[in-house]
Amino acid sequence: MRYSYEINPRPLDLGGGWRLRLLEDEQEVGGGVFPILQEDALQGIAWWNEMGEPERGHWLAVAKSAVPADARTAYLLAEAHADAESVAYEWLDSRDAPEGP
């Protein structure tokens with residue numbers, strides 16, 4: 001059996017973020033949705049204020065924008081992708097584990 005996964009972007013009208021597809025011999029056998037978490041604007045402001053200039057510059061570059069709110073969205077998108085990838089790796093690791101007794 002061949003195991004793999006895909007992480008695809010989701011349309012903004014569905015919440016954005018990512019869709020994880022877990023594949024066994026190219027057939028989908030599971031997965032999940034990892035939307036961008038909606039939050040209070042104060043959380044984004046606190047996030048921005050807690051960062052140093054190098055981190056701010058990094059997230060602005062990732063967002064390809066000079067707007068802090070866009071940097072926050074880029075950060076949240078990266079976090080959602082990391083969550084999806086973590087689930088995929090856990091699933092792949094479980095496929096390699098020996099079956100029970």
Side-chain angles (χ1 to χ4, degrees):
M1 299 244 168
R2 287 188 14 201
Y3 302 103
S4 61
Y5 68 94
E6 293 177 356
I7 300 175
N8 300 306
R10 293 180 67 226
L12 289 177
D13 62 330
L14 294 178
W18 306 96
R19 179 173 181 264
L20 169 65
R21 296 178 66 224
L22 302 174
L23 305 169
E24 183 177 301
D25 289 331
E26 299 184 25
Q27 297 295 314
E28 187 170 350
V29 295
V33 171
F34 298 82
I36 297 174
L37 301 176
Q38 300 302 311
E39 62 182 9
D40 183 278
L42 293 178
Q43 289 175 296
I45 292 168
W47 171 80
W48 183 258
N49 289 337
E50 291 171 4
M51 284 190 301
E53 288 301 316
E55 289 175 291
R56 287 178 180 175
H58 168 76
W59 289 110
L60 289 170
V62 170
K64 298 178 183 167
S65 172
V67 178
D70 294 341
R72 180 64 175 168
T73 299
Y75 170 80
L76 293 172
L77 192 58
E79 287 291 300
H81 191 279
D83 291 344
E85 199 164 52
S86 176
V87 168
Y89 286 150
E90 287 176 21
W91 180 76
L92 288 173
D93 288 345
S94 74
R95 302 299 98 179
D96 292 334
E99 302 262 337

K.L.:
Same cluster for Tyr3 and Tyr89 if Ile/Leu/Val/Met/Phe/Trp/Tyr side chains link at under 4.5 Å?
P.N.:
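In one cluster with Tyr3: Tyr89, yes.
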K.L.:
Specify the closest pair of heavy atoms between Leu76 and Ile36, including all atoms of both residues, with the distance to one decimal.
P.N.:
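Smallest interatomic distance, heavy atoms only, reads CB-CG2, 3.7 Å.
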K.L.:
Return the orientation label for the Trp47 and Tyr75 ring planes: parallel under 30°, perpendicular over 60°, tilted otherwise.
P.N.:
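The rings of Trp47 and Tyr75 sit tilted, inter-plane angle from 30° to 60°.
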K.L.:
Using the rule that two of Ile, Leu, Val, Met, Phe, Trp, Tyr join whenever any of their side-chain heavy atoms come within less than 4.5 Å, decide whether Leu77 and Leu37 are in one cluster.
P.N.:
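Unlinked, Leu77 and Leu37 end up in two clusters.
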K.L.:
Of the non-hydrogen atoms in Ala74 and Val62, which two are nearest, and what is the gap between them?
P.N.:
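Closest approach of Ala74 to Val62: CB-CG1, 3.8 Å.
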K.L.:
If hydrophobic clusters are built by linking Ile, Leu, Val, Met, Phe, Trp and Tyr wherever their side-chain heavy atoms come under 4.5 Å apart, do Trp18 and Val29 end up in the same one?
P.N.:
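Yes.
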K.L.:
Under a 4.5 Å cut-off applied to non-hydrogen side-chain atoms, are Ile7 and Phe34 in contact?
P.N.:
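No, every pair of side-chain atoms sits at 4.5 Å or beyond.
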K.L.:
In terms of hydrophobic clusters joined by side-chain contacts under 4.5 Å, are Leu20 and Val33 together?
P.N.:
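No, separate clusters.
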K.L.:
For the atom pair CZ (Arg95) and CZ (Arg2), what is the distance rounded to the nearest 0.5 Å?
P.N.:
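One finds 15.5 Å between CZ of Arg95 and CZ of Arg2.
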K.L.:
Among all residues two or more places apart in sequence or in another chain, which pass the salt bridge (Lys or Arg N to Asp or Glu O under 4.0 Å) test with Glu85?
P.N.:
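Glu85 satisfies salt bridge (Lys or Arg N to Asp or Glu O under 4.0 Å) with no other residue.
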K.L.:
Minimum heavy-atom separation for Arg21 to Asn8, with atom names?
P.N.:
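Taking every non-hydrogen atom into account, CD-ND2, 3.9 Å.
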K.L.:
Are there more than 12 heavy atoms of other residues, nucleotides or ligands under 6.0 Å from atom CG of Leu12?
P.N.:
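Counting neighbours around CG of Leu12, 12 or fewer heavy atoms of other residues, nucleotides or ligands fall under 6.0 Å, so no.
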K.L.:
Per the salt bridge (charged side-chain N to carboxylate O under 4.0 Å, His left out) rule, what does the pair list look like for residues 61-79, sequence neighbours excluded?
P.N.:
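Output for this query lists Glu39-Arg72.
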K.L.:
Do any N or O atoms from the side chain of Arg56 and from the backbone of Trp48 form a donor-acceptor pair under 3.5 angstrom?
P.N.:
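A pair under 3.5 Å: yes.
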K.L.:
Do the side chain of Ser94 and the main chain of Trp91 share a donor and acceptor less than 3.5 angstrom apart?
P.N.:
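Yes, because the side chain of Ser94 sits within donor-acceptor range (under 3.5 Å) of the backbone of Trp91.
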K.L.:
Given 3.5 Å as the limit, does a donor-acceptor pair link the side chain of Asp40 with the main chain of Leu42, or not?
P.N.:
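Confirmed, Asp40 side chain pairs with Leu42 backbone.
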K.L.:
Work out which heavy atom in Pro35 is nearest to a heavy atom in Gly15; give both atom names and the distance.
P.N.:
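Reported closest heavy-atom pair: CB-O, 3.9 Å.
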K.L.:
Leu23, Met1: one ILVMFWY side-chain cluster at the under-4.5 Å cut-off?
P.N.:
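No, separate clusters.
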K.L.:
Which heavy atom of Ser4 sits nearest to which heavy atom of Leu92, and what is that distance?
P.N.:
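Reported closest heavy-atom pair: N-CD2, 4.0 Å.
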